[in-house]
K.L.:
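Quick one: structure below, then a few questions.
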Amino acid sequence: MRTDRLVAVLLLLQRRGRVTAAEVARELEVSERTARRDLDALAMAGVPVYSTQGRGGGWRLVGGARTDLSGLTAGEVRALFLVAGPASAATPTVKAALRKLVQALPEPFRAQAEATASSLVKDPQGWGSGPVGPRPPRFLDALQDAVIHGVQVRLRYVDREGAETGRTVHPLGIVAKGPSWYLVAHTEAGRRTFRIDRVSSADPTGDPVHRPEDFDLAGSWREIADEIDRRRTPLEVQAVCAPHGVSVLRMAFGGRLQVGGSAPDGRVEVVIRGHDEYMLAGELAGLVDWVEVTGPPGVRDRLAAIGGALVERYGWRAP
């Protein structure tokens, strides 16, 4: 909400030219103290606003009542327009307002602002876990600058086995996936994804990036994430579930669950992905009240073995 308010204050200044803390407070339905803090925060962030005292005083944007925001530096524009991109948590209304504000920028900043808005995707769901706050790695800013300015980068990269290699890549976008940050780039071998915390150096070459005309970062990441999920959970189990148990499966398996149509007996057909038969059978064993596994046979056999072991250990015995 703080980001939304700061943008709203900036747009209010753009529209009116001069505002007081009391006017901002009334407009945004906050206290005057909060309004003053927000105005101070804009100034501290480098937005060209200043305050005047006395009669007719208030807060103004440098450049007058109808400024074109030419007081913003290129870095400030990039920071501001990250709020308009898919990575932002801002409301759709704020994003739409910021996109309109792009048109008020001086021409040298406009392309960078538009590139910034589409340079970053945040996917808050960690691999196999809930949302986690990302920790930006060392070369994140340098690589995002390369995406925004459209220049190739010479990377030194350490793979999961610890081997370091060098290559020149065409940066296309940045993605935050849970606590990890990734660079999506074009290489001689095609599109590749690099974990940014494994980058040991990143040096812009100055050569322009060759960016496919139809490239869409959000859509590209969905394809990459789906492929990684398929590799992490290659086993598919077919099952039928009581209708009132589908919500239980959604909580238990999240994105690994695919819900199909109705079976002849009224139950719901589902497909559940997992890493291997042993682990998936263990997850399903506690859901027997809702789920019947129909295949593959190896998972059914393991479920039967788990059931036998449970009866042997916990089953009722005559005194």
Side-chain angles (χ1 to χ4, degrees), residues 121-134 157-163 175-182 184 189-195 197-198 218-318:
V121 162
K122 284 188 178 178
D123 185 347
Q125 196 74 18
W127 298 116
S129 64
V132 182
Y157 188 74
V158 180
D159 65 21
R160 66 179 61 189
E161 280 77 35
V175 175
K177 175 71 170 174
S180 300
W181 293 78
Y182 296 86
V184 180
R191 187 186 63 186
R192 291 292 183 269
T193 304
F194 303 92
R195 272 187 55 158
D197 60 353
R198 292 181 182 163
S220 181
W221 177 251
R222 283 194 296 271
E223 294 176 5
I224 293 168
D226 288 347
E227 177 59 27
I228 292 174
D229 276 335
R230 281 192 291 270
R231 291 203 301 265
R232 289 168 57 88
T233 54
L235 177 65
E236 289 191 351
V237 165
Q238 295 78 42
V240 286
C241 176
H244 62 277
V246 172
S247 60
V248 177
L249 294 191
R250 291 190 192 280
M251 288 188 291
F253 298 104
R256 293 190 287 141
L257 171 71
Q258 180 181 340
V259 179
S262 295
D265 61 3
R267 291 182 293 178
V268 180
E269 296 176 340
V270 298
V271 175
I272 302 166
R273 297 198 319 272
H275 184 265
D276 57 38
E277 291 183 351
Y278 181 83
M279 295 296 295
L280 199 46
E283 291 179 285
L284 289 164
L287 302 172
V288 66
D289 284 346
W290 300 281
V291 180
E292 179 185 350
V293 172
T294 57
V299 176
R300 290 174 57 89
D301 291 344
R302 289 193 178 277
L303 283 167
I306 291 172
L310 289 171
V311 169
E312 182 177 349
R313 178 163 297 184
Y314 299 108
W316 180 83
R317 294 182 178 84

K.L.:
Give me the atom names and distance for the closest heavy-atom approach of Ala281 to Arg302.
P.N.:
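Closest approach of Ala281 to Arg302: CB-CB, 3.8 Å.
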K.L.:
For a quick test of reading the model, state the closest non-hydrogen atom pair linking His244 to Ser247 and the distance between them.
P.N.:
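Of all heavy-atom pairs spanning His244 and Ser247, the closest is O-OG, 3.8 Å.
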K.L.:
Are the side chain of Arg191 and the backbone N or O of Val184 linked by a donor-acceptor pair below 3.5 Å?
P.N.:
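No; judged by distance alone, with no hydrogens or angles, the pair does not exist.
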K.L.:
Going from CD on Glu283 to CG on Leu303, what distance comes out if it is rounded to the nearest 0.5 angstrom?
P.N.:
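Rounded to the nearest 0.5 Å, the CD-CG separation comes out at 11.0 Å.
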K.L.:
With a 4.5 Å cut-off on side-chain heavy atoms, are Gln258 and Glu269 touching?
P.N.:
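No; the side chains remain at least 4.5 Å from each other.
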K.L.:
Could you go step by step and tell me if Thr233 and Phe253 meet the side-chain contact (heavy atoms from CB on, under 4.5 Å) rule?
P.N.:
CA-CA 11 Å; Thr233 54; Phe253 298 104; over 6 Å; no
K.L.:
Which pair of heavy atoms, one from Ala263 and one from Val240, lies closest together, and at what distance?
P.N.:
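Reported closest heavy-atom pair: CB-CG1, 4.2 Å.
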K.L.:
Nearest heavy-atom pair of Pro243 and Gly266: which atoms, and what distance?
P.N.:
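Heavy-atom minimum between the residues: CG-O, 3.6 Å.
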K.L.:
Parallel under 30°, tilted from 30 to 60°, perpendicular over 60°: which one fits the rings of Phe194 and Tyr157?
P.N.:
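The rings of Phe194 and Tyr157 stand perpendicular, inter-plane angle above 60°.
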K.L.:
How long is the gap from CG on Leu249 to CG on Leu257, to the nearest 0.5 Å?
P.N.:
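Spacing of CG (Leu249) from CG (Leu257) equals 5.5 Å.
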K.L.:
Considering non-hydrogen atoms only, spot the tightest contact between Ile306 and Ala285 and give its length.
P.N.:
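Closest pair (atom of Ile306, atom of Ala285, distance): CG2-CB, 3.9 Å.
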K.L.:
Measure the OH-CZ distance between Tyr182 and Arg192 for me, rounded to the nearest 0.5 Å.
P.N.:
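Separation between the atoms: 15.5 Å.
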K.L.:
With a 4.5 Å cut-off on side-chain heavy atoms, are Cys241 and Leu287 touching?
P.N.:
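The answer is no; the side chains never approach within 4.5 Å.
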K.L.:
Glu277 and Val299: which non-hydrogen atoms are nearest, and at how many Å?
P.N.:
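Minimum heavy-atom contact is CG-CG2, 3.8 Å.
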K.L.:
Check Thr294, Val271, Leu284 against Val237 for a side-chain contact (heavy atoms from CB on, under 4.5 Å) and give me the one that passes.
P.N.:
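Exactly one option meets the side-chain contact (heavy atoms from CB on, under 4.5 Å) with Val237, and it is Leu284.
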